[in-house]
Asker: 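Sharing a structure below in structure tokens format, with a few things to ask.
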Amino acid sequence: MAELFRVGGKMKIYTYRDPFNLKSEEFWKEISQYPNLCVSQTLVLGLTQNPKRNYVRSDYNYIYTIDKLIDQLYGSWTDDPPNDIKQFISYSNEINQIEDPNIRNTFQFNRSSVVQSIRMLIELGISPEEIPNLEQDSMNIFRTIYSNLSKEDCWNVLNKIKVDKSVLKKAFEDLLEEEIDELKKNNPQDKNLQDLCKIKEDPESIKMDKIVIHGVHKFTPMITRFINDLRSAGVEIIFIINYIDEFERIYETWREVYRWTGLEIPKSSRTGISKNNLGEAIACLLEGEIKNYYKEHIEFIKFDNISSFCDYISEVYSEVDTSKLRKNDKRSRIFNMRQQFYIVNTEEVNNILKQYHPEQFGNRHFLAYPIGQFILSLYNMWDDKLATLKIDGNHLKECLSIGFFQQPNRPNPLEIYRKIEFYYEHLSIEDNYTIDKLLDKLKILKDNIHELDKRESVKKSSSLIRRFAMYTLTIEEVDYFIDVINLILKTSKKLFGDGHNKVNFKEHYSKLIEILTEGDFDPSYLIEEEKKMIEDIKYRISLIEDEDIEFEGSIEDLKESLHFYLARVESKEERKDQSSWIARNFEQLDGGVLLKDATRTGRAYHIGLVGDLDMNITTRDLLPWPLTEEFFTKNRFGNKNYIATITSFKEYRNFIRYSLFYATYFLDKKIIISYVENRKEEKNKPYYILDILGLDAERYDDRKSKIFRKRLRPRVENKISLPISLQSTKDEARNFLFCRYKYLIEEVIQGGTYFESEYHQNLYYKTMLFLNSWEKLQGKDISLVEDVVKKTNLELKKYFDSWSEINFIDAENKAIDEIKKRQIQRDQYGDYRVRVMKDRNDDYIETRRKFIYAKIDQKGEKTQEKGRQNLIREVMYLPYEHDIQNEIYNFINYNEGIEKNQEIEKCEYCAQNNLCLYGFRENE
Ligand code: SF4
């Protein structure tokens, strides 16, 4: 039986031992008469949607998440994008007054954090005057900024909101109305609908004297403010928490975070039942007792990196048979996954999963569509001081990937960019790598290709320079690409003007929409959804009042506002429904546990990111700069709300530990726990408690996953009609022997070998200089070597105008050295002469032309084994050429899988290394 302690009369705490038996607690009758608020949407579902456990919606009158009610009451502060923009602009104007450029830059760079800090202090009721004048420069500046901003209207919205019982009542009625509307829209047959309508008809029967709050551990500034406001309005707060008193240490965190209430947490008189599971072992370990548990119920997995973990989740998500589900029923799709994911830190994982499965995360933000990405990239590349675009490879690729630029029978501009990208990569180190500079470079490239064309038509053979990716382009392709780049530049100039100006937001966004719909672009490339969203944005822009002069700011402010303005109108339900996230956070675990038997039984719970680095969240991680833990602990502020917030932030890491215990204690069935080994360039370890309890993680081999296998198999079906007969050239046969995957990409898909990366291009240049010089030197006296190599280098270097001198000097030295050491022989008069090429096996020359080297050593112990030193000996000599031809035929026509080369030493020199990544994997 739960006990009740009262101090002060306006708050009380009830505890329960077993979440599945909440309804048998004595307090149940009392709490079901009043509105209930839950810490998460999953908990709302757990308490209302599990008839097997006897939890149904009709048990309550109002039951929503606490955040939902907060938005309802304080929406003009918590959920008003135009006001957020005004705050950003006023902040920008304020920091522009800072004289010291370094401090100004710091405050500019951290603008989101500082704005968040000021909002936090306002929510906690700490005024700027209460911040002591400290030595610390940045804190004094922060104080001045806060003090100046607090005079402006947009920062004073929250303090004007008053909450009393009638406001509270109205907010609940509105939420009920929303709930009924959603049900009518999505599930008109729902049997709860009738009950809800009855509540709606008789709102007076629900008293606002008490509000029940379930499971809050993290007292965010808005939650503490809300509680404070309720208490001032004479509403009694009833906190409901889980508490098993014999596990003192694990539950200590709850005592800590509720200390501010002045209430003691009641100890239950019930005795516990031994569960013999991991949860119990964790709790006992903290009490200093080692307890055995059933290890066979636990699967512990180690993922290499976050993408491999996301691939795994994505695969489980994709397996759900949606044919039996209601259309667009995102929640059911999640609950039907064979594994339910709960992870410590959801943001990073869900951001990746959003890219894989945008359909699950609500309609996408406008900026997530190709057209949105295009716009975002323009804004990100625009340099207002230089009044032009500064090249950033990733952003430029986003711009090039939209359909606007694709012309019939022309290659994709993105493919063209890929061929020149690495060649110009080092320019990005320079500060001013602008789009104009790229245009100049492209003109030089075009002239070089033109000259190469002329030379080759005379010689009637193609030069080795064609093995460099940028020289596989034709003049027409470069011309076309120059046009595309010019169009991007023209568009950005039209949009941003000459720079340095304040921009009126309404005018700017209207211009943007005009460019997208009426400018040089062909709007037929917009997909239907994009067109609809543009209309929607147009409408919203028209609502900005002309006289609202505050809506003026710098381009930097504009970038900040972009997300707000171009957001689609989505319902709050969609935005805040974290229960529909593919991977839910730990705060939703208590609800998740309650949902255990809600649907089919075969589901396993997967608790993810349980590594030391992820589990040990510090107060620093939770506080925005420049606020720190000391700021709150060393100062005394009038309003004591901050104590609840800071204590709960400090205790957050213990809450994470508690959540792991909670899940592993109350979920009896098989549990999967995992962690990711490589986290943000650091090596992660399993959470220390799991380590002490002797759980060994098994590495997940993602080559088993369908997603990985899919990536290994490029689609070849459309490229080749089957069966085909072919006679491969020696070059192709060599490539086939080198690696089938490489063969497929280069000979079948790409139409030849060429090198893109800086590393390979450098190596290939050395080979080319060596071969070209040798050709000229055949039979000549050794004394001429240096002179000829230098001249040849001079002839070639004009084709590589983006390289620095050091590349050429290095190549020159290597070529001289190689010729003198390896290609010299004595003639009949005893003079040293350069060997004639014919005297050396043709195979050697051909192999060098194709693969950079004709010998690739096997490193490690096997070097000692006879005959194994050159890994590509067979590639060079093609001993069974006839058999290889047959094999290629069978491979093209009948083979299903593609074997990759197993000797990773070869991968280092393979032009597909960056795409295939096989060499990197095995090296790890
Ligand atoms: S990197 Fe290695 S495995 Fe991949 S294509 Fe090249 S040679 Fe083959």
Side-chain angles (χ1 to χ4, degrees), residues 304-305 307-308 311 415 418-419 421-422 425 467-469 472 701-717 719-720 728-767 843 846-860 862-863 868-879 884 887-888 890-892 895-924:
D304 266 357
N305 48 48
S307 355
S308 149
D311 283 357
E415 277 172 32
R418 287 220 172 94
K419 290 189 175 178
E421 182 183 10
F422 290 111
E425 199 180 21
R467 286 242 191 270
F468 292 83
T472 60
D701 182 358
D702 59 8
R703 275 172 297 182
K704 281 193 231 147
S705 85
K706 280 185 208 147
I707 291 178
F708 185 76
R709 286 204 303 273
K710 232 191 257 165
R711 280 190 199 143
L712 291 188
R713 293 184 196 180
R715 293 198 187 156
V716 293
E717 314 88 82
K719 305 263 174 185
I720 313 157
S728 300
T729 63
K730 278 192 168 191
D731 248 13
E732 288 164 358
R734 286 197 166 97
N735 223 358
F736 183 77
L737 262 191
F738 194 98
C739 168
R740 289 169 185 212
Y741 187 58
K742 180 174 186 299
Y743 166 86
L744 186 77
I745 297 172
E746 295 183 352
E747 312 300 350
V748 182
I749 298 174
Q750 194 173 269
T753 300
Y754 56 80
F755 299 96
E756 281 178 356
S757 79
E758 208 182 335
Y759 175 70
H760 287 132
Q761 290 201 353
N762 257 312
L763 285 183
Y764 198 75
Y765 185 88
K766 283 171 191 159
T767 297
D843 290 329
E846 291 309 317
T847 310
R848 294 283 312 253
R849 284 180 200 267
K850 180 87 175 170
F851 302 98
I852 303 175
Y853 294 117
K855 181 176 179 181
I856 296 174
D857 286 334
Q858 191 165 36
K859 296 177 190 108
K862 287 191 178 158
T863 322
R868 294 280 302 158
Q869 280 88 344
N870 185 5
L871 292 175
I872 56 169
R873 198 183 149 75
E874 283 191 338
V875 172
M876 182 158 74
Y877 294 117
L878 288 179
I884 296 167
E887 236 186 285
I888 294 178
N890 288 337
F891 171 72
I892 294 290
N895 205 8
E896 290 226 312
I898 303 160
E899 262 173 55
K900 287 191 176 188
N901 147 54
Q902 293 299 307
E903 293 149 326
I904 53 154
E905 290 87 348
K906 282 155 53 179
C907 297
E908 185 180 341
Y909 309 105
C910 166
Q912 308 311 323
N913 205 356
N914 279 332
L915 172 89
C916 156
L917 300 175
Y918 193 67
F920 299 116
R921 279 179 52 79
E922 295 292 302
N923 274 331
E924 277 176 3

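Below, all heavy atoms of this structure are taken into account, side chains as well, without hydrogens, waters or symmetry copies. From a predicted model like this one, the values you see are computed outputs, not experimental measurements. Counting convention: from 1, in listed order, for ligands and their atoms alike.
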Asker: If we only count heavy atoms from C-beta on, is the L878 to K730 side-chain gap below 4.5 Å?
Answerer: yes
Asker: Drop me the distance from F851's CZ to T767's OG1, to the nearest 0.5 angstrom.
Answerer: 12.5 Å
Asker: Using a strict cut-off of 4.0 Å, indicate which atoms of ligand 1 neighbour a heavy atom of K742.
Answerer: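 Near K742, the atoms of ligand 1 are 5 (S).
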Asker: Does a sphere of radius 6.0 Å around CD in E874 hold more than 12 heavy atoms from other residues, nucleotides or ligands, not counting ones at 6.0 Å or beyond?
Answerer: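 Atom CD in E874 is not packed in, count stays at 12 or less.
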Asker: Taking only heavy atoms of C739, which atoms of ligand 1 are found under 4.0 Å from at least one of them?
Answerer: 3 (S), 5 (S), 7 (S), 8 (Fe)
Asker: Is it the case that the side chain of N735 and the backbone of Y743 share a donor-acceptor pair, with hydrogens and angles ignored and the cut-off at 3.5 Å?
Answerer: no
Asker: Can you name the atoms of ligand 1, numbered from 1 with element, that are less than 4.0 Å from a heavy atom of Y741?
Answerer: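 This gives 5 (S) as the contact atoms.
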Asker: Within ligand 1, which atoms have a heavy atom of C910 less than 4.0 Å away?
Answerer: 1 (S), 5 (S), 6 (Fe), 7 (S)
